[in-house]
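Residue numbers begin at 1 in each chain, while the letters A, B, ... track the order of the sequences. Computed from a prediction, not measured in an experiment: that's the story for all the values here.
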Amino acid sequence: METRPGNNFLYSLIADDLAKGRVQQVVTRFPPEPNGYLHVGHAKSICLNFGLAESFGGRCNLRFDDTNPEKESQEFIESIKEDVRWLGYQWAGEARFASSYFGQLYEWACELVREGAAYVCDLDAQQAREYRGTLTEPGRNSPFRDRSVAENLDLLARMKDGEFDEGSRVLRAKIDMASPNMNLRDPILYRIRKVPHHQTGEEWVIYPTYDFAHGQEDAIEGVTHSICTLEFEDHRPLYDWLLAHLPVPGRPRQYEFGRLNLNYTVTSKRKLRQLVDDAVVEGWDDPRMPTIAGMRRRGFTPASIRCFCDMIGVTRSDGVVDVAMLEHAIRDDLNENAPRGMCVLNPLRLVLTNVPADHREQLVAPRHPSREELGNRELTFTRELVIDADDFREEANKKYKRLVLGKRVRLRNAYVIEAHDVVKDATGKIIEVQARIIPDTVGEDPADGIKPKGVIQWVSVATGKRATVRLYNRLFNHEAPDRGDNAFMDFLNPESLQVVEDAWIEAALAEAVPEQGFQFEREGYFVADRYQHTPERPVFNRTIGLRDTSGA
RNA sequence: UGGGGUGUCGCCAAGUGGCAAGGCACCGGGUUUUGAUCCCGGCAUUCGCAGGUUCGAAUCCUGCCACCCCAGCCA
């Protein structure tokens with residue numbers, strides 16, 4: 001699958017910067033906070049940032065924006081690195097950390113104080129909120145706004161030394177409490193947090209805010225195009241203000257694009273975390289999760305995710321992408337590349353009465369219907385088989401293209417058969433179908449000219465294997481589960497997972513390697529579970545069903 | 001009733017004054033040993049609305065409307 005360089009407004013803008021000589025080499029960065037697993041929305045940002053750097057022969061850094069130690073952890077750092085690599089991207093040099101710049105950031109904070117552009121404020125959170133004003137009313141100056149440079153320097157140093165309690169003091173930029181842009185009403189630059197940091201340990205008790213860190217980090221790394229989502233647009237004046245007031249080594253520019261919204265999906269770290277914490281799913285990498293790790297386990301491929309990101313485009317409008325596009329991307333990849341196999345999910349015994357009990361016939365079937373280079377596989381044909389219970393009816397109308405009593409059907413890659421009897425149990429349930437094979441119909445139509453109505457999959461009871469197959473459906477049955485605060489928990493799909501413990505699979509499928517994807521013909525695309533699949537106890541996850549235009 | 005954004009087919013999205021790309025979805029028809037794939041065809045006289053400028057407007061101007069974001073010591 002080809003992923004062409006996205007032709008979006010950022011691409012054009014960078015091309016223009018290069019053409020006009022405003023930048024020599026493009027440097028972007030993907031800056032996740034390690035406080036959760038990456039999700040499909042991050043994939044869009046990753047494809048954008050790494051893709052843009054790639055397109056222009058530049059580089060893209062991976063930088064952990066770890067300025068809030070309370071919510072972050074090493075586990076998330078590892079998962080993020082793994083996910084980015086899995087998607088097929090390589091960051092420039094080592095991964096960076098905002099925390100490795102804490103020393104420089106602190107120096108710059110002192111610099112701002114010396115310039116008279118920042119001050120230590122003793123208002124508590126509640127008071128600060130009152131002083132900030134509202135959207136329609138200007139704020140009021142903090143009573144601590146006019147402290148001397150010497151006093152501010154002293155107080156800031158003592159904040160750093162741990163002399164003050166959490167929440168008792170903050171460092172703020174001195175900008176404009178009457179600004180219509182709330183971000184300019186003397187924003188907080190540093191706050192006291194007496195918690196150990198996963199990278200710096202006990203070294204710091206004050207931590208820079210996102211606003212004080214981000215632009216400066218970009219400058220330190222030589223980032224030329226700092227790409228973020230729309231909600232940061234109001235922060236850009238502050239981003240620029242800080243860079244203008246500090247002796248930074250670079251002049252990055254911030255650009256914003258619309259974040260990804262997907263229907264039937266929740267993409268907020270907070271909500272995903274709740275699904276994990278409330279054990280609604282089995283973890284961040286549960287195949288129902290829209291996390292990169294979850295999609296991976298579900299059977300999505302890196303190529304399909306990149307293709308999807310390419311398909312949805314990058315703009316400044318905020319829309320909701322139909323999850324059908326994501327489904328199309330993975331079907332498209334797997335249809336082209338996944339080997340075929342046969343699996344019977346809801347087994348019904350089929351006895352071929354004109355086939356001897358000890359009959360063993362090796363049949364050859366292509367691994368892929370249109371890609372000969374993928375070779376063939378062997379199937380063993382025997383007297384007793386299983387077919388799907390849904391593929392047999394005692395009687396049916398013309399629309400039904402499967403096996404009907406007294407009628408013919410083709411067994412995929414094998415013979416045409418004709419059903420002549422059914423066996424039922426005491427309750428009237430069909431427990432066995434008896435049929436005859438029509439001789440000489442492997443690869444041939446029946447000599448009498450009576451063609452079968454359809455084609456169904458089968459597995460030999462003698463050589464087939466049993467498998468656990470997990471059938472996944474969307475996690476939410478509401479188009480916009482994200483609406484409202486916690487409403488999303490009310491829209492959980494009770495049928496998001498159905499486990500079939502004793503499905504039958506053709507023998508070769510048991511030998512699949514974990515994470516290998518297949519098309520189980522007439523059923524859908526499945527992947528050998530990354531962690532649990534073994535040849536002895538095969539486990540497959542359904543990635544996505546086949547498109548079904550039967551109208552039924 | 002402050003500020004910042006966005007409005008082109010059901011959804012995503014090209015288009016930047018010259019006569020509305022493409023993808024997804026959907027609907028027809030063909031091929032088919034997967035009701036899959038593939039192929040062919042259909043799918044916006046109209047670009048949030050109303051005025052204006054122009055030979056000509058989705059593109060320029062004016063006004064209006066709708067929706068999103070901002071009042072964390074989160075990012």
Side-chain angles (χ1 to χ4, degrees), chain A residues 7-8 31-33 35 65 67-68 70-71 121 123-125 128-130 132-139 166-172 178-185 187-193 206-207 209-211 213-214 228-237 256 258 260 263 269-270 308 310-329 331-332 335-336 340 342 365 368-370 399-402 409-416 441-445 451-452 454-457 519-525 545-552:
Chain A
N7 204 327
N8 54 60
E33 183 188 10
N35 66 346
D65 224 349
T67 56
N68 185 9
E70 281 161 309
K71 300 195 274 179
C121 179
L123 256 25
D124 64 28
R129 192 175 313 126
E130 285 159 11
R132 191 153 35 229
T134 68
L135 294 178
T136 52
E137 303 158 31
E166 277 191 23
S168 64
R169 283 178 163 78
V170 293
L171 181 73
R172 303 175 71 176
S179 173
N181 181 343
M182 300 295 286
N183 297 117
L184 264 20
R185 319 248 264 223
I188 290 168
L189 271 23
Y190 263 99
R191 68 293 212 197
I192 301 170
R193 279 284 174 285
I206 59 172
Y207 292 95
T209 55
Y210 163 86
D211 284 314
H214 211 91
C228 61
T229 43
L230 251 21
E231 66 270 29
F232 290 99
E233 186 152 28
D234 288 343
H235 292 245
R236 195 170 64 220
E256 310 85 18
L260 169 68
N263 61 14
K269 270 192 208 167
R270 206 212 93 221
F308 168 70
D310 194 57
M311 211 175 349
I312 60 177
V314 178
T315 67
R316 289 174 59 85
S317 64
D318 63 349
V320 181
V321 172
D322 193 336
V323 72
M325 281 211 218
L326 218 208
E327 297 176 346
H328 169 79
R331 282 199 187 102
D332 201 36
N335 172 57
E336 183 67 21
R340 312 288 129 125
M342 290 195 285
H368 192 283
S370 58
K399 294 250 181 200
Y400 189 75
K401 295 170 62 178
R402 312 175 197 180
V409 82
R410 162 149 334 253
L411 293 178
R412 176 70 164 159
N413 297 124
Y415 293 89
V416 172
T441 51
V442 175
E444 305 285 342
D445 282 336
K451 292 188 180 180
V455 184
I456 64 174
Q457 75 272 28
Q519 183 196 106
F520 289 172
E521 289 185 288
R522 302 209 316 129
E523 290 289 354
Y525 297 98
L546 250 29
R547 204 162 77 95
D548 179 8
T549 53
S550 66

Does [N] have OP1 or OP2 sitting under 4.0 Å from an N or O in the side chain of [X]?
| X | N | value |
| --- | --- | --- |
| S370(A) | C38(B) | no |
| R270(A) | C74(B) | no |
| T549(A) | A36(B) | yes |
| R340(A) | U37(B) | no |
| T136(A) | U1(B) | no |

Under-3.5 Å N/O pairs linking protein and nucleotides 39-43 of chain B:
none

Select base, sugar-phosphate, or nothing to describe what [X] touches, counting heavy atoms under 4.0 Å on all strands.
| X | answer |
| --- | --- |
| L189(A) | nothing |
| N35(A) | nothing |
| K269(A) | nothing |
| P369(A) | base |

Closest heavy-atom pair, G133(A) versus M182(A), reported as atoms and distance to 0.1 Å, is O-CE, 4.2 Å

Got a sec, which residues hit ring-ring contact (aromatic ring centres under 6.0 Å, His included) with Y525(A), two or more places apart in sequence or on another chain?
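ring-ring contact (aromatic ring centres under 6.0 Å, His included) list for Y525(A), sorted by chain: empty.
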
For F308(A), the ring-ring contact (aromatic ring centres under 6.0 Å, His included) test, sequence neighbours excluded, returns none

Selection from [options] that lies nearest to any side-chain heavy atom of [X]:
| X | options | result |
| --- | --- | --- |
| T134(A) | A75(B), A71(B), U34(B) | A71(B) |
| N68(A) | C74(B), A36(B), U34(B) | C74(B) |
| T209(A) | A75(B), A14(B), A71(B) | A75(B) |
| A125(A) | C73(B), C12(B), A75(B) | C73(B) |

Can you tell me how far [atom1] in [N] sits from the matching atom in [M], rounded to whole Å?
| N | M | atom1 | value |
| --- | --- | --- | --- |
| A71(B) | C65(B) | P | 25 Å |
| U6(B) | G10(B) | P | 23 Å |
| A50(B) | A58(B) | P | 13 Å |
| G7(B) | A14(B) | P | 9 Å |
| G22(B) | C40(B) | P | 13 Å |
| C19(B) | U54(B) | C1' | 15 Å |
| A20(B) | G72(B) | C1' | 45 Å |
| U34(B) | U16(B) | C1' | 47 Å |

Whether each nucleotide of nucleotides 3-8 of chain B has a protein heavy atom under 4.0 Å at its base (B), only at its sugar-phosphate (S) or at neither (-) is summarised, 5' to 3', as BSSS--

Does one side chain, of S550(A) or D548(A), offer a donor that lies under 3.5 Å from an acceptor on the other?
yes

Between [Y] and [X], is there a side-chain heavy-atom distance shorter than 4.5 Å?
| X | Y | value |
| --- | --- | --- |
| D445(A) | R410(A) | yes |
| P237(A) | N183(A) | no |
| L411(A) | I456(A) | yes |

Q. Salt bridge (charged side-chain N to carboxylate O under 4.0 Å, His left out) with K401(A): which residues, sequence neighbours excluded?
A.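 Expected list: none.
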
Scanning all shown strands, the Watson-Crick or wobble mate of G2(B) with both distances under 3.5 Å is C70(B)

What nitrogen or oxygen pairs link the protein and nucleotides 20-25 of chain B at under 3.5 Å?
residue: C24(B); atom: OP1; partner: H328(A); partner atom: NE2; Å: 3.3

Notebook entry, point to check: Using the glycosidic torsion, which applies to G28(B): syn (within 90° of 0) or anti (everything else)?
Noted result: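 Anti, which is what one calls it when the glycosidic angle falls more than 90° from 0.
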
